[in-house]
Structures are given as C-alpha cells and as structure tokens.
Amino acid sequence: MDDVQMLAGQRATCEELLQLVVDLRNAGKNVVLTANAAPSNLTGFDHRAKSLLASGLVADVVAPNANARRVILMRAGVSSDVATELASRTAADGHLVHGIATKIKAYTELMGAAVDMTVASRLLADTLQRAKTPIAMVRNMCEKLGVSYDAICGRGRARALVMARQTMMAVLKGATKLSLSEIGQYVGGRDHATVVYAIAQVEKQKQGDLVLAAQINQLIAECK
C-alpha cells in the first residue's frame, strides 16, 4: 500500500488498516507499506500506529538518480542514448519514471516500432523538462529577477541591473562546468576579468546577506 501518510487523522480507517496488517502478519504474509516519512515522523497517527508501522523492516527509499532512471528506461526498450537523454530531462520521481517507462512500452507494443528521441519528445512532451542550456538558464533567471534579457546583455550600469548580471554569473559558475570566459559570453559577451570581479563581489555580499545567499542557492538548484 502506497502513501500511508494520506490516512493521517482518519482514526477508523487507520484502525482497520492496523488490524489488517496484524492479521496478515499472523497469517505469515508479508506487508509492504510506503509513506513520505519514517514511522516515527508521521503526523496524525497515534503512538500505537507508529509503533506497529516501525516494528517491521524500515528502509529509506531515495529518489532514483540519473543512472537509475536510465536503467529503468532502458528496460522499457529504448536505446542507451535515448535513455540517457530522457533520464537527464526527467524529474527524480520514481512514480513518474515508471509512468514514462509504461508509456514507452505501450507505444512500442501498439506501434511495433522502437521509440527514438524524436518520438519520445512528442510522446512525452507533457512530462519532459526543457533542456537546461546556458541561454535557457539566463533567460529563466531574467524572469525570476525581473530584468530583460536584452538589458542583461546590454551595457546598462544601473545598480539593480549590475547586481542581477553579477548574480547570474555566480549562478552559472555554481551550476555548470562552463569556464569563466564562456560564462561571460552568455551574459552579454563580458570578458574573463569582468566575470572574476562579478563573482568575487557576489561572494562578498553573500556573507552579509542571507536572503541573497538563499536566492542564489535556489537559482543554482533550479539550473542543475
């Protein structure tokens, strides 16, 4: 049974579930339950319920990493290259990945043809994340920071604009493997020295501005 946490606060239903678990265990059956937290951390359950749920083997099932997603998709019948590309554009959600694999299998069986990247992009258009190219990252940060892409790439020196531009450089450094010169090219053709100075300024400001530090960390996470 999945998502046990959804029963929080439903006393009668919880009682029935607990009795069912006890009956099945007494009959020598195995019971597998999942939740979004460990038994001791579940809210809306009384001590008896938590104790029973914790009495079995408790395992922390982490979200599938890129390699695990790739393997799952390869088992669905796609090539290694297609699986690698799909894995990089799929959220780390086990249910979602298995849903994609099921859709691929169904298409293959129905159409009698392998799923290449062109077909996958069309078939999974509502699921796949957009490729995170440096330009896409910069444009996304423009929206988040309330500045235009043209202004970022321009020569404007307004304080807020300069700060946004420097922030983007720092984020690209933290989220990608681009060289400093390459980062400069994606932010209006700035040179290496300008990028070095911008990143140094941001690092200095982060030390005294926790809000800025949190914002940059969030942007880096979104770009990775």
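Position 1 is the first residue of the sequence; numbering continues from there.
- Residue Lys103 comes nearest to Leu124 through the heavy atom pair CD-CD2, 3.5 Å, listed as atom of the first residue, atom of the second, then distance.
- In Arg159, the CZ atom is not crowded: 12 or fewer heavy atoms of neighbouring residues, nucleotides or ligands sit closer than 6.0 Å.
- Gln218 and Glu222 form a side-chain donor-acceptor contact under 3.5 Å, judged by distance and modelled atom types alone.
- Considering CE of Met169 and CZ of Arg190, their distance stands at 6.0 Å, rounded to 0.5 Å.
- At least one side-chain heavy atom of Leu145 sits less than 4.5 Å from a side-chain heavy atom of Met168.
- For the atom pair Glu16 CD and Leu7 CG, the distance stands at 10.5 Å (nearest 0.5 Å).
- Between the CG atom in Leu212 and the CD atom in Gln207 there is a gap of 11.0 Å [rounded to 0.5 Å].
- Under the 4.5 Å side-chain criterion, counting only non-hydrogen atoms from C-beta, Leu17 is in contact with Met1.
- Note on Leu123 and Met111: same hydrophobic cluster, where clusters join Ile, Leu, Val, Met, Phe, Trp and Tyr whose side-chain heavy atoms are under 4.5 Å apart, directly or indirectly.
- Taking NZ of Lys206 as the start and CG of Asn217 as the end, the distance is 5.5 Å to the nearest 0.5 Å.
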Evaluate the side-chain contact (heavy atoms from CB on, under 4.5 Å) criterion for residues His95 and Asp2: first the C-alpha distance (whole Å), next the side-chain angles of each, then the deciding distance (0.1 Å), finally the verdict.
-> CA-CA 11 Å; His95 293 297; Asp2 284 340; 3.8 Å; yes
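- Side-chain atoms of His192 and Val195, non-hydrogen and from C-beta on, never get closer than 4.5 Å to each other.
- Contact between Ala87 and Arg70 at its shortest, heavy atoms only, is CB-N, 3.7 Å.
- Note on Tyr197: it does not cluster hydrophobically with Ile199, by side-chain heavy-atom contacts below 4.5 Å among ILVMFWY residues.
- Residues Leu18 and Val22 fail the side-chain proximity criterion, which asks for heavy atoms closer than 4.5 Å.
- One hydrophobic cluster, built from ILVMFWY side chains closer than 4.5 Å, cannot hold both Val211 and Val171; they sit in different ones.
- With hydrogens and angles left out, the side-chain atoms of Thr84 and Asp81 include no donor and acceptor closer than 3.5 Å.
- Looking at Thr176 and Met137, their side chains come closer than 4.5 Å, going by heavy atoms from C-beta outward.
- Remark: Leu86 CG to Ser121 OG distance equals 7.5 Å, nearest 0.5 Å.
- Residues Glu109 and Lys105 are not paired through a salt bridge, judged by the lack of any N-O separation under 4.0 Å between the basic side chain and the carboxylate.
- Hydrophobic clustering places Ile135 together with Leu178 (ILVMFWY residues linked when any side-chain heavy atoms are closer than 4.5 Å, directly or through intermediates).
- Taking all atoms of both residues into account, the shortest heavy-atom contact from Ala101 to Ile72 is CB-CG2, 4.2 Å.
- The two atoms that bring Ala175 and Cys223 nearest to each other are CB-CB, 3.6 Å, heavy atoms only.
- Counting heavy atoms from C-beta on, the side chains of Val147 and Arg165 never come closer than 4.5 Å.
- By the 6.0 Å contact criterion, OH on Tyr149 is enclosed, its count of non-hydrogen atoms from other residues, nucleotides or ligands being greater than 12.
- For the pair Ile183 and Leu180, the minimum side-chain heavy-atom distance is below 4.5 Å.
- Taken together through direct or relayed side-chain contacts under 4.5 Å among Ile, Leu, Val, Met, Phe, Trp and Tyr, Ile104 and Val119 form part of one hydrophobic cluster.
- Arg48 has a carboxylate O that lies under 4.0 Å from a charged side-chain N of Glu15, or vice versa, which qualifies the two as a salt bridge.
- Looking at heavy atoms from C-beta onward, Ser55 lies in side-chain contact with Arg25 at the 4.5 angstrom threshold.
- Nearest heavy-atom pair across Leu53 and Val58 is O-CG2, 4.3 Å.
- Looking at Ile152, Leu172, Val187 one by one, the single match for side chain to side chain contact (heavy atoms under 4.5 Å, CB included) with Met141 turns out to be Leu172.
- Around atom CG of Asn30, no more than 12 heavy atoms belonging to other residues, nucleotides or ligands sit under 6.0 Å away.
- With values rounded to the nearest 0.5 angstrom, Glu143 atom CD is found 11.5 Å from Ser148 atom OG.
- The minimum heavy-atom distance between Thr90 and Arg69, with the atom names listed, is O-NE, 3.3 Å.
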